[in-house]
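We're numbering straight along the sequence, starting at 1.
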Amino acid sequence: MFDVPEDQKRLGDALGEGETRNFLQQNGRLASYGHLVVEEYRGDIKGSHDLFILTNAEARILGLWSHPEIVAGAAEIGLRPGASLSEGSAGTNAVALALAAQGPVVLKGEEHLCRIFHDWVCAAAPIISSDGDLVGCLDISAAEGPIYEKLALTRSIAREIGRLVGNKRTTRFNITMRQKEVLTLFAQGASYKGIAKELGISIKTVEEHLDAVRAKMGTKSRRACIKKAMEIGAL
């Protein structure tokens with residue numbers, strides 16, 4: 001129906017570099033919570049070679065997590081932040097089906113339309129906020145392993161992200177716009193060097209902004225600011 005070629009080598013619908021930056025900023029809350037929750041779960045299953053993929057409600061990718069070589073391999077076929085896993089771009093796939101059905105989906109390799117996904121078994125679950133809104137999707141793709149266990153894990157992660165995203169409590173902490181920009185990028189996993197390059201400031205200034213936020217929130221470490229900021233709705 002979408003005229004997607006089965007033998008395409010890469011995903012065709014991807015945002016440019018500047019558009020991807022804007023996209024991640026516009027979806028900063030979901031991207032930040034997704035990064036935090038996925039990394040916590042990954043910490044409990046060390047050694048796993050599963051690929052975790054987070055998208056928004058339109059199936060556009062916000063983040064990917066796995067071993068560096070797996071993330072690099074995914075990038076070679078166009079799986080990167082800003083790329084689309086909609087059916088019109090990637091053919092039949094678990095993310096597109098889970099979003100359409102608003103329910104969990106398991107898709108075996110040969111059930112994907114495009115051959116570039118035939119080596120993967122995928123489990124996906126929609127992310128529903130505590131307000132009842134469909135906000136995104138979480139997918140776990142693996143070359144092997146007990147897929148229904150991965151589906152259970154996918155659903156657990158999606159539920160946790162949805163619960164956090166729906167928490168819209170406000171904060172009275174006087175955080176400046178630049179401090180929020182720095183903290184958001186830090187929450188999404190960017191390095192000090194990466195944040196400095198993105199915002200056109202020095203690494204020392206990045207550290208100063210994070211320390212200022214830490215002091216305002218009364219946390220003991222810069223990384224603890226992320227959890228506190230999410231709890232109070234600052235991100």
Side-chain angles (χ1 to χ4, degrees), residues 1-21 23-24 27 30-31 34-35 38-39 41-42 45 47-127 134 136-155 157-158 161 188-189:
M1 183 173 68
F2 293 103
D3 198 28
V4 177
E6 296 181 23
D7 59 351
Q8 70 173 350
K9 304 301 182 183
R10 291 177 58 86
L11 298 183
D13 180 10
L15 301 177
E17 186 176 339
E19 292 175 312
T20 298
R21 284 198 299 268
F23 168 67
L24 292 175
N27 293 272
L30 177 57
H35 174 79
V38 169
E39 287 295 356
Y41 274 89
R42 287 189 66 224
I45 51 174
S48 167
H49 284 71
D50 296 347
L51 176 65
F52 294 75
I53 304 174
L54 174 71
T55 77
N56 69 353
E58 287 73 49
R60 197 167 291 280
I61 298 174
L62 287 163
L64 300 94
W65 299 273
S66 187
H67 287 271
E69 63 271 19
I70 294 177
V71 174
E76 290 180 3
I77 61 172
L79 281 172
R80 64 167 181 80
S84 175
L85 281 170
S86 68
E87 230 175 334
S89 172
T92 305
N93 68 86
V95 168
L97 292 178
L99 287 171
Q102 294 194 28
V105 169
V106 169
L107 214 62
K108 297 178 181 178
E110 64 275 10
E111 293 175 323
H112 293 85
L113 173 71
C114 296
R115 297 190 188 101
I116 53 175
F117 300 128
H118 280 194
D119 290 334
W120 295 89
V121 179
C122 304
I127 298 171
L134 175 66
C137 186
L138 192 282
D139 172 280
I140 299 180
S141 295
E144 57 184 14
I147 190 59
Y148 287 98
E149 289 184 11
K150 297 185 191 304
L151 179 60
L153 178 60
T154 303
R155 296 180 69 181
I157 297 175
I161 296 173
Q188 292 172 5

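- Heavy atoms only, all atoms of each residue included: Leu11 and Gly78 are closest at CD1-O, 3.8 Å.
- Here the rule is side chain to side chain contact (heavy atoms under 4.5 Å, CB included) with Arg60, and of Val95, Leu15, Thr55 only Leu15 fits it.
- Although no hydrogens or angles enter the test, the distance criterion places a donor-acceptor pair under 3.5 Å between the side chain of Gln8 and the main chain of Ser89.
- Gly91 and Leu113 get closest at one heavy-atom pair: CA-CD2, 3.7 Å.
- With Asn27 contributing its side chain and Asn56 its backbone, the two residues share no donor-acceptor pair below 3.5 Å.
- In this structure, His67 and His49 have parallel ring planes: the angle between them is below the 30° cut-off, well short of the 60° mark.
- Put simply, CZ on Arg42 and CZ on Phe52 are 6.5 Å apart, with the number rounded to the nearest 0.5 Å.
- Phe117 has its side chain out of reach of Thr92: every pair of non-hydrogen atoms, C-beta onward, lies at least 4.5 Å apart.
- In this view, Glu110 satisfies the salt bridge (charged side-chain N to carboxylate O under 4.0 Å, His left out) rule with no residue, not counting sequence neighbours.
- Using a 4.5 Å heavy-atom cutoff, the side chains of Ile70 and Leu64 are not in contact.
- A distance of 4.0 Å separates CD1 in Ile161 from CD1 in Ile127, rounded to the nearest 0.5 Å.
- Here the side chain of Ser66 pairs a donor or acceptor atom with the backbone of Asp50 at under 3.5 angstrom.
- Here the side chains of Val38 and Leu54 are not in contact, with every heavy-atom distance at 4.5 Å or above.
- Contact detail for Leu85 and Asn93: the closest heavy-atom pair is O-ND2, 2.9 Å.
- A donor-acceptor pair under 3.5 Å is absent between the side-chain atoms of Arg80 and the main chain of Ala74, judged by distance alone.
- No donor-acceptor pair closer than 3.5 Å links the side chain of Ser84 to the backbone N or O of Asp13.
- Heavy atoms only, all atoms of each residue included: Ala57 and Leu134 are closest at CB-O, 3.6 Å.
- Across every non-hydrogen atom of Pro126 and Ala158, the tightest pair is O-CB, 3.6 Å.
- Between Asp139 and Ala124, the shortest heavy-atom distance links the atoms OD2-CB, 3.8 Å.
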Point to revise | Ile140/Leu153 under side chain to side chain contact (heavy atoms under 4.5 Å, CB included): CA gap, chis, key distance, verdict | key: CA-CA 9 Å; Ile140 299 180; Leu153 178 60; 3.8 Å; yes
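- The environment of Glu69 atom CD is dense: over 12 non-hydrogen atoms of other residues, nucleotides or ligands sit within 6.0 angstrom.
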